[in-house]
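These notes are about the structure you will find just below.
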Amino acid sequence: MSDGQSESGLVLSLLRHGETRLLAKGHILRGQLDDPLTDKGCEQMTTAFDNYLPMHQWQAVISSPLSRCADIARQKSAEYQLPLCIMDALGEMDFGEWEGRATAELFEQFPDEMAMWWQTPTQFTPPDGESVDAFAERIDDALVQMAQFANTHRYDRLCVITHGGVIKYLYCKAQGLSLDEILKQPAELGEFHTFILQNNRLLLP
């Protein structure tokens, strides 16, 4: 364990969950649905950990509360003897009435709304869903919580298991991009993405 965050900042290694049962059926919006991992999804995440851990000395695991993240987080925190913090603010964006529905079906039923949401998500929110601005504010709060957690325990490297929307937003934030670019950012299943939180600024390594 280090004596506190280094001058280079807090290193956040974000892992997107692997394949889920709904994803195995096609591109379906899961959002806040507690959609569990498939065997393939578990394997994707285990492989990611096996390939990543030797290079990065994490001091704690942070996770979304949804089972597709939290189940593996509990398993790996126990396996590697790392503290675990479940953080509600790290849940995926809430897609409201569109949750559990295939994007192809939504494009067919709501072509104008889906086109607007896909191209300029700041201009449209799914019915009863979470706006992109509200989602961004929630993830900003999660970053503050993670920084406070790290400062309290004098950590400078955290493993964070979360969702595609969270990672995509962080790429926008780190690069100073408009939130309308959020859906264009990378966030493959079962892959790690590294960010650095330094003096309240989010940076790419």
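The structure presented is a predicted model; accordingly, all values stated were derived computationally and were not measured. Count residues from 1 along the sequence.
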Cationic N near anionic O, under 4.0 Å, E79 to K76:
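So E79 pairs with K76 through a salt bridge.
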Side-chain ion pair, D34 and R68, N-O less than 4.0 Å
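Judged by the 4.0 Å cut-off on N to carboxylate O distance, D34 and R68 do not form a salt bridge.
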Please answer whether the main-chain N or O of [Y] pairs with a side-chain N or O of [X] as donor and acceptor at a distance below 3.5 Å.
{"X": "E92", "Y": "H163", "result": "no"}
{"X": "E191", "Y": "R16", "result": "no"}
{"X": "E130", "Y": "D94", "result": "yes"}
{"X": "R157", "Y": "Y155", "result": "no"}
{"X": "T120", "Y": "T122", "result": "no"}
{"X": "R201", "Y": "I196", "result": "no"}
{"X": "E97", "Y": "G129", "result": "no"}
{"X": "Q185", "Y": "E181", "result": "yes"}

Please report the shortest heavy-atom distance between [X] and [Y], naming the atom on each side.
{"X": "C172", "Y": "S178", "value": "SG-O, 3.8 Å"}
{"X": "L23", "Y": "H17", "value": "CD1-CE1, 4.4 Å"}
{"X": "L189", "Y": "Q44", "value": "CB-OE1, 4.2 Å"}
{"X": "D35", "Y": "R21", "value": "OD1-N, 3.5 Å"}
{"X": "A89", "Y": "A142", "value": "CB-CB, 3.8 Å"}
{"X": "G31", "Y": "L66", "value": "O-CD1, 3.6 Å"}

Once you round to the nearest 0.5 Å, how far does [atom1] of [X] lie from [atom2] of [Y]?
{"X": "S13", "Y": "I62", "atom1": "OG", "atom2": "CD1", "result": "11.5 Å"}
{"X": "Q145", "Y": "C85", "atom1": "CD", "atom2": "SG", "result": "7.5 Å"}
{"X": "S77", "Y": "L84", "atom1": "OG", "atom2": "CG", "result": "4.0 Å"}
{"X": "L179", "Y": "Q123", "atom1": "CG", "atom2": "CD", "result": "11.0 Å"}
{"X": "I139", "Y": "M87", "atom1": "CD1", "atom2": "CE", "result": "10.5 Å"}
{"X": "T194", "Y": "L203", "atom1": "OG1", "atom2": "CG", "result": "12.5 Å"}

Given side chains that start at C-beta, do those of [X] and [Y] come closer than 4.5 Å, heavy atoms only?
{"X": "E105", "Y": "I28", "value": "no"}
{"X": "L29", "Y": "T103", "value": "yes"}
{"X": "L202", "Y": "L170", "value": "yes"}
{"X": "L12", "Y": "L143", "value": "yes"}
{"X": "L14", "Y": "F195", "value": "yes"}
{"X": "L90", "Y": "V166", "value": "yes"}
{"X": "F95", "Y": "M93", "value": "yes"}
{"X": "Y171", "Y": "I182", "value": "no"}

Can E19 and L37 be said to form a side-chain contact (heavy atoms from CB on, under 4.5 Å), step by step?
CA-CA 6 Å; E19 180 188 78; L37 296 172; over 6 Å; no
Using the side-chain contact (heavy atoms from CB on, under 4.5 Å) rule, take D140 and K173 through it: C-alpha gap first, then chi angles, then the decisive distance, then the call.
CA-CA 9 Å; D140 284 343; K173 184 177 180 69; 3.2 Å; yes
Students often mix this up, so state it plainly: with edges at 30° and 60°, are the rings of Y52 and F192 parallel, tilted or perpendicular?
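If you compare the ring of Y52 with that of F192, the planes turn out parallel.
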Going by the angle between their ring planes, with limits at 30° and 60°, are F49 and Y80 parallel, tilted or perpendicular?
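Plane angle between 30° and 60°, so tilted.
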Could you go through E99 and R30, starting from their C-alpha distance and side-chain angles, then the distance that decides it, and tell me whether this counts as side-chain contact (heavy atoms from CB on, under 4.5 Å)?
CA-CA 5 Å; E99 294 205 345; R30 283 95 51 220; over 6 Å; no
Shared ILVMFWY cluster between F135 and W118, side chains joined below 4.5 angstrom?
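Yes.
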Treating Ile, Leu, Val, Met, Phe, Trp and Tyr as nodes and any side-chain heavy-atom pair under 4.5 angstrom as an edge, say whether L158 and Y169 lie in one connected cluster.
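The answer is yes; both residues are in one hydrophobic cluster.
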Between F124 and W98, does the ring centroid distance fall short of 6.0 Å?
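Yes, close enough.
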Between F107 and W117, is the ring centroid distance below 6.0 Å?
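Between W117 and F107, which both carry aromatic rings, the centre distance is not below 6.0 Å.
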Do other residues, nucleotides or ligands put more than 12 heavy atoms under 6.0 Å from the CD atom of E43?
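No, because the 6.0 Å sphere around CD of E43 holds 12 heavy atoms or fewer from other groups.
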V61 pairs by side-chain contact (heavy atoms from CB on, under 4.5 Å) with which of L82, V160, I72, I86?
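In the set L82, V160, I72, I86, the residue that makes a side-chain contact (heavy atoms from CB on, under 4.5 Å) with V61 is L82.
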Please determine whether side-chain contact (heavy atoms from CB on, under 4.5 Å) holds for the pair T162 and L15, giving the CA-CA distance in whole Å, both sets of side-chain angles, and the decisive distance to 0.1 Å.
CA-CA 6 Å; T162 187; L15 173 63; over 6 Å; no
Distance-only side-chain donor-acceptor flag, Q109 / R101, under 3.5 Å:
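There is such a pair between these side chains.
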